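Just so we're clear, the structure is a prediction, and the values are computed from it rather than from any experiment.
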Amino acid sequence: MKKMNKGFSMVELIIVIAIMAILAGALAPALIRYINKSRISTDIQTANTIAKAVQTALANEKGYDVADTTYNCKWTNVAAFYATSDSFTESFKTTVGANAPEIKSIKCISKRAAKTTRGDFGVWIDLQANEVEVKLGGNHIVYPVADECLTNEEVNCVR
């Protein structure tokens, strides 16, 4: 007896495609959440690197003097460090890299937080208190402690 094998029937193919679509629909939100968490984690790590670079630049006596007269007690956009050339910014650029760091998570933060401005990392240097703060996108503090709306998905920030 010969058996004729003609392949799969149309109904079988439709069932397989439907099962694949259901699985993809179930896995897509989890994958998107994972990607967003990864981008936020990258930005928090970049903020830590920026803070360490500022502290390293302040360890240099000439860099400290420049920071005292130029950057002390005011918010400065990190891109501004790349537009100038002095002992503080040169030390900063050596630690962070040749190009200004870019924000990776601005879209996923904007979905959870109102009025997130597109921008850059911002740095606050207070030499008298010996403190450095880094903001993300102009609204969210990420160093020394990240805002809860960045680390907790259930929290929505309104600024």
Side-chain angles (χ1 to χ4, degrees), residues 20-159:
M20 290 175 63
I22 290 169
L23 289 174
L27 294 177
L31 179 63
I32 290 170
R33 275 194 307 277
Y34 174 76
I35 291 170
N36 289 343
K37 281 184 181 181
S38 174
R39 287 179 179 159
I40 290 171
S41 295
T42 300
D43 285 344
I44 290 172
Q45 184 60 40
T46 302
N48 289 337
T49 303
I50 290 169
K52 300 294 188 250
V54 168
Q55 293 166 348
T56 301
L58 291 174
N60 179 352
E61 189 174 334
K62 290 180 183 178
Y64 185 90
D65 293 340
V66 169
D68 190 25
T69 58
T70 310
Y71 306 111
N72 191 24
C73 291
K74 67 177 185 178
W75 283 102
T76 307
N77 195 326
V78 170
F81 293 155
Y82 286 83
T84 60
S85 181
D86 53 47
S87 57
F88 176 81
T89 58
E90 291 304 316
S91 177
F92 177 85
K93 289 185 254 187
T94 301
T95 306
V96 174
N99 299 319
E102 296 178 5
I103 295 175
K104 307 284 186 210
S105 63
I106 199 71
K107 288 181 183 175
C108 54
I109 291 171
S110 295
K111 290 177 184 174
R112 285 194 273 166
K115 298 181 183 177
T116 298
T117 58
R118 180 150 179 92
D120 203 348
F121 290 96
V123 177
W124 173 270
I125 302 170
D126 188 347
L127 297 175
Q128 285 69 35
N130 197 22
E131 292 179 352
V132 175
E133 287 185 3
V134 181
K135 277 190 176 183
L136 175 65
N139 291 344
H140 306 285
I141 294 178
V142 289
Y143 182 89
V145 178
D147 283 351
E148 189 177 0
C149 63
L150 298 176
T151 57
N152 186 351
E153 281 189 22
E154 282 75 43
V155 175
N156 289 325
C157 294
V158 179
R159 298 206 185 262

Hey, does the side chain of [X] reach the backbone of [Y] with a donor-acceptor pair shorter than 3.5 angstrom?
{"X": "Asp120", "Y": "Ala79", "value": "yes"}
{"X": "Asp86", "Y": "Thr89", "value": "yes"}
{"X": "Thr42", "Y": "Ser38", "value": "yes"}

side-chain contact (heavy atoms from CB on, under 4.5 Å) between Leu31 and Ile35, intermediate numbers included: CA-CA 6 Å; Leu31 179 63; Ile35 291 170; 4.1 Å; yes

So which atom in [X] and which in [Y] form the shortest heavy-atom distance, rounded to 0.1 Å?
{"X": "Tyr143", "Y": "Ile141", "result": "O-CG2, 3.5 Å"}
{"X": "Lys104", "Y": "Arg39", "result": "O-CD, 3.4 Å"}
{"X": "Ala26", "Y": "Pro29", "result": "O-CD, 3.7 Å"}

CD (Glu102) with more than 12 external heavy atoms under 6.0 Å: no

Side-chain heavy atoms of Ile40 within contact of Ile44, under 4.5 Å: yes

Heavy-atom side-chain contact between Phe121 and Val96 under 4.5 Å: no

Of Asp68, Thr70, Val54, the residue whose pairing with Phe88 passes side chain to side chain contact (heavy atoms under 4.5 Å, CB included): Val54

What distance separates [X] [atom1] from [Y] [atom2], expressed to the nearest 0.5 Å?
{"X": "Thr84", "Y": "Phe92", "atom1": "OG1", "atom2": "CZ", "value": "10.0 Å"}
{"X": "Asp65", "Y": "Thr69", "atom1": "CG", "atom2": "OG1", "value": "7.5 Å"}
{"X": "Ile50", "Y": "Phe81", "atom1": "CD1", "atom2": "CZ", "value": "9.0 Å"}

Distance-only criterion, 3.5 Å: show the donor-acceptor pairs between side-chain atoms of residues 57-64 and protein atoms not counting sequence neighbours.
from, atom 1, to, atom 2, distance (Å)
Asn60, OD1, Lys62, N, 3.1

Please table the atom pairs, donor to acceptor, closer than 3.5 Å between any side-chain atom in residues 123-138 and protein atoms at least two apart or in another chain.
from, atom 1, to, atom 2, distance (Å)
Asp126, OD1, Gln128, N, 3.3
Asp126, OD1, Ala129, N, 3.4
Gln128, OE1, Asn72, ND2, 3.1

Side chains of Asp43 and Thr46, donor plus acceptor under 3.5 Å: no

